[in-house]
Protein chains: 4
Amino acid sequence: MAPNATRRSERSHRAILEAALELVAEVGYPKLTIEAIAARAGVGKQTIYRWWPSRAAVLLDAFVDLGERAAGEEPYVIPDTGDLEADLRGVLRATVDELLSPAYDLPYRALAAEGIVNPEIAAEFVRRVLEPSAQRYVERLRAAQRAGQLAADLDPRIAVELMTGPITARWLLRTLPLTHAYADAVVGMALRGLSPR
Amino acid sequence: MAPNATRRSERSHRAILEAALELVAEVGYPKLTIEAIAARAGVGKQTIYRWWPSRAAVLLDAFVDLGERAAGEEPYVIPDTGDLEADLRGVLRATVDELLSPAYDLPYRALAAEGIVNPEIAAEFVRRVLEPSAQRYVERLRAAQRAGQLAADLDPRIAVELMTGPITARWLLRTLPLTHAYADAVVGMALRGLSPR
Amino acid sequence: MAPNATRRSERSHRAILEAALELVAEVGYPKLTIEAIAARAGVGKQTIYRWWPSRAAVLLDAFVDLGERAAGEEPYVIPDTGDLEADLRGVLRATVDELLSPAYDLPYRALAAEGIVNPEIAAEFVRRVLEPSAQRYVERLRAAQRAGQLAADLDPRIAVELMTGPITARWLLRTLPLTHAYADAVVGMALRGLSPR
Amino acid sequence: MAPNATRRSERSHRAILEAALELVAEVGYPKLTIEAIAARAGVGKQTIYRWWPSRAAVLLDAFVDLGERAAGEEPYVIPDTGDLEADLRGVLRATVDELLSPAYDLPYRALAAEGIVNPEIAAEFVRRVLEPSAQRYVERLRAAQRAGQLAADLDPRIAVELMTGPITARWLLRTLPLTHAYADAVVGMALRGLSPR
DNA sequence: GTATAATCGAGACGGTACGTCCTGTCTTCGA
DNA sequence: TCGAAGACAGGACGTACCGTCTCGATTATAC
């Protein structure tokens, strides 16, 4: 029943991931079908069904693979120049750029949309895509706490979300345009708070 | 080509909206089909296609209608007790409750998921669901600015998102559990900021 | 329940018959729909359903009407020149021409096809189209019997069919081309018989 | 595009042909739908559309298959007892019986009706059903010519139609009842001719 | 000359079937 | 022995018509 992974064709595997990314960009997620992926990859449908349970799982693998190839070997770490606000602006602006870039936008959206409605995919998406990114923020914020640049008693995990949450929500729900200025404003408000000082 | 709205059957209209809400709760959005809605509503498929362009549009109408019936006549306004933090905690906790309630959760998620991938639906969803809610926050924050409880120079629209964004993102992406405590923490951090005071 | 024929709109009546004939020639009987007839005639569907039970009934009326308009006032009679064979050749050749003429071919075929599968239409078609024509043959053959040109003991009704049957069958089933030569051959064989004399 | 016939499911193939014959007998040709055939055969609609272009083509295959199974192995040949008239009466009476038998009547009529309006089907129907039967008559008539029982100069093909045409026409158009007596009368008139001897 | 009632054009309605696309499973055949 | 190829049962799509049913807006007698 369980396929023997050692005999898996790496050639087909890669072709499937590439076909999935190409197709989601070309026709959009709702029209991304297993049949189209198989045809584009020059692969039998069964070869997809053998290794993945759904088109979302294929796309998730493809997207993670895309991220890994883009990142290269060394894992990305948020820089620590001593200026917390500048560092956070930098990383949030980079996030905005990524969310708006064509290569990421469509598959990312597709996976988010699927995850919203499908908890299994959501869990995998969080584990493999969102959580590693969140951890980098948490580390940077912990360093800031140690340096006395951040209130010592606050939960860094929630602090992260105070900045990434607005960005993510605006991107997903398309309430208003997502810009560098917005990222800067979010960082500023989050650090200094809304109350008058 | 365009149907004559004055001859529309109100009976069928209502039955379709109700069937859509029932079915999305029963079988989930991916399995919500026009055929099932028509069958449940005791209606021909063409009667749905005559008035809506897609199942997402049906569900959006149904959801807005649900909100209007729930709200009753008087539009909801965020209370102003003078204690801004308490007022915001109250409304964010209520939002959390709503997002977690079965009647809202599934259709809301479905529309969000559709909107992520479908800009037309997103625009309508924002216009009819999110924007009215955001305006209520903006008004409350403007009142707080006039009362000197909020920094006078900040954009209230972005300030709203500093609080609703984290809630929305956590709910949509299921990164971590969505609770009253989280809502309280978000309000606290947003008002006082992350930097030490 | 039964509509009042005196109030019937002659204008609509004629428009419907014309539309039916035009459409059957343009798109063929299988695609001849009540909706298309109504649209072409500038008439509500109900006006057709009020006066006819089916599209075949409409077409039958239209076809009979066409025949009546073509025939003019005086009813056609098979000529009696004294030369039976020549007279029969003449009328059978005329029948062949009619069957092959575009104005008659398509509606005639349509009604025959419908009648084959639908006994009610068949009965009406026979009564209003085929029978009057058969009677004219019977009369001519009776005259021939009186003149001693035809065996006295044979049933003229069957004798008619010996000549019209082959023509009709070849036309309906398209076994072989329908020509004047074929009509002549049929008349000759029928009169003289297949056995050697 | 073109399906691979070697992989065709014989099981489904047979089930479809049987279902088509059953249904045409039960509900009639106008209500014979692809969906009903598929449901009755326990088959997906696509399996029908993959192998046949229309319901008429399915029914034609089913009817030919029925004829082949009924005929068994040895092809039917018109007997030659030396008495031409008796032999022809026998075969025409058998044809009348067949045309009136429930198993043949409905599918046969359906195909004739379709062929009247649809030349492609007509051509196939003629080639596979009518032509083989006509050839058997032609052979018998040729033998009769050689035996001097039939005028030597007449075209046997047309001679066949002089007898089958009236039968076919009466059956298709339902002008008058189709009986053994009628078949006998047709044979008699055809052999001896209408003219007095 | 109006009333008044049936017919009219129009088209929405609950349905059925169409022919297509895709799902997920299963089978065949060539490398 | 695996994988490409694709046939299969099934289900939903979006469209086209069916025959029924309301709607006003003419009409065309009967008052």
Side-chain angles (χ1 to χ4, degrees), chain A residues 3-4 7-9 11-12 15 31-39 41-51 53-55, chain B residues 1-9 11-13 15 30-39 41-51 53-55, chain C residues 2-13 15 31-39 41-51 53-55, chain D residues 1-9 11-13 15 31-39 41-51 53-55:
Chain A
N4 178 340
R7 292 187 167 264
R8 180 170 194 176
S9 158
R11 199 176 181 292
S12 298
K31 292 188 183 166
L32 177 71
T33 68
I34 297 274
E35 291 210 330
I37 296 172
V43 138
K45 282 200 289 177
Q46 198 55 39
T47 303
I48 299 181
Y49 284 111
R50 186 152 31 232
W51 301 107
S54 67
R55 63 179 184 151
Chain B
M1 203 106 249
N4 179 340
T6 67
R7 300 186 53 183
R8 183 170 193 174
S9 160
R11 198 176 185 293
S12 298
H13 186 172
K31 292 188 182 166
L32 177 70
T33 66
I34 298 272
E35 284 200 341
I37 295 172
V43 139
K45 281 202 286 178
Q46 201 57 46
T47 300
I48 300 182
Y49 285 110
R50 184 152 33 229
W51 301 109
S54 67
R55 64 180 182 150
Chain C
N4 179 341
T6 66
R7 303 187 79 117
R8 181 169 195 177
S9 158
E10 191 51 30
R11 199 175 182 292
S12 298
H13 186 173
K31 292 188 183 166
L32 178 70
T33 67
I34 297 275
E35 292 211 330
I37 296 172
V43 140
K45 283 200 288 177
Q46 197 56 38
T47 301
I48 298 180
Y49 284 110
R50 183 150 36 227
W51 301 107
S54 67
R55 62 178 184 153
Chain D
M1 204 105 249
N4 179 341
T6 67
R7 302 186 52 184
R8 183 169 192 174
S9 160
R11 199 177 183 291
S12 297
H13 187 172
K31 292 188 183 168
L32 177 70
T33 67
I34 298 272
E35 284 201 338
I37 296 172
V43 139
K45 279 200 289 178
Q46 199 57 45
T47 300
I48 300 181
Y49 285 109
R50 182 151 38 229
W51 301 109
S54 67
R55 64 181 183 151

Send over the distance from [X] [atom1] to [N] [atom2], rounded to a whole Å.
X     : N      : atom1 : atom2 : answer
C/N4  : E/dC8  : CG    : P     : 10 Å
C/I34 : F/dC18 : CD1   : C1'   : 9 Å
B/H13 : E/dC13 : NE2   : C1'   : 15 Å
B/Q46 : E/dG11 : CD    : P     : 15 Å
B/R11 : F/dT22 : CZ    : P     : 12 Å
C/Y49 : E/dT7  : OH    : C1'   : 18 Å
B/L32 : F/dC13 : CG    : C1'   : 14 Å
A/E35 : F/dA4  : CD    : P     : 15 Å

N/O (side chain, [X]) to phosphate O (OP1/OP2, [N]) under 4.0 Å:
X     : N     : answer
D/S9  : F/dA7 : no
D/T47 : F/dA7 : no
A/R50 : F/dG3 : yes
A/W51 : F/dC2 : no

Checklist entry - Roughly how far, to the nearest 0.5 Å, is the CZ atom of D/R50 from the CG atom of D/N4? => result 11.0 Å
Checklist outcome for this item: Note: for D/K31 and C/A39 on DNA chain E, the residue whose nearest nucleotide lies more 5' is C/A39
Next on the checklist: More than 12 heavy atoms of other residues, nucleotides or ligands under 6.0 Å from CZ of D/R8: yes or no?
Outcome noted: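 Above 12, so yes.
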Checklist entry - Does B/K45 make a side-chain donor-acceptor contact with the base of F/dG14, cut-off 3.5 Å? => result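 Counting by modelled atom types and ignoring angles, a donor-acceptor contact under 3.5 Å is found here.
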Item to check | base_contact_polar (E/dT27 base, D/R7 side chain, donor-acceptor, <3.5 Å) | outcome: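 For D/R7, whose side chain was compared with the base of E/dT27, there is a donor-acceptor pair (under 3.5 Å).
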Checklist entry - Closer to the 5' end of DNA chain F via nearest nucleotide, is it A/V43 or D/V43? => result A/V43
Checklist outcome for this item: When D/A38 and B/A36 are each assigned the nearest nucleotide of DNA chain F, the 5'-most assignment goes to D/A38
Next on the checklist: Considering every strand and a 4.0 Å limit on heavy-atom distances, what is the contact class for C/S12: base, sugar-phosphate, or nothing?
Outcome noted: sugar-phosphate
Checklist entry - Any donor-acceptor pair under 3.5 Å linking the side chain of C/R55 with the backbone of C/L32? => result yes
Next on the checklist: Quick one, C/W51 with C/H13, criterion side-chain contact (heavy atoms from CB on, under 4.5 Å). Give me CA distance, side-chain angles, the key distance, then yes/no.
Outcome noted: CA-CA 9 Å; C/W51 301 107; C/H13 186 173; over 6 Å; no
Item to check | Shortest non-hydrogen contact between B/S54 and B/I34, atoms and distance | outcome: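 So the minimum-distance heavy-atom pair works out to C-CD1, 4.4 Å.
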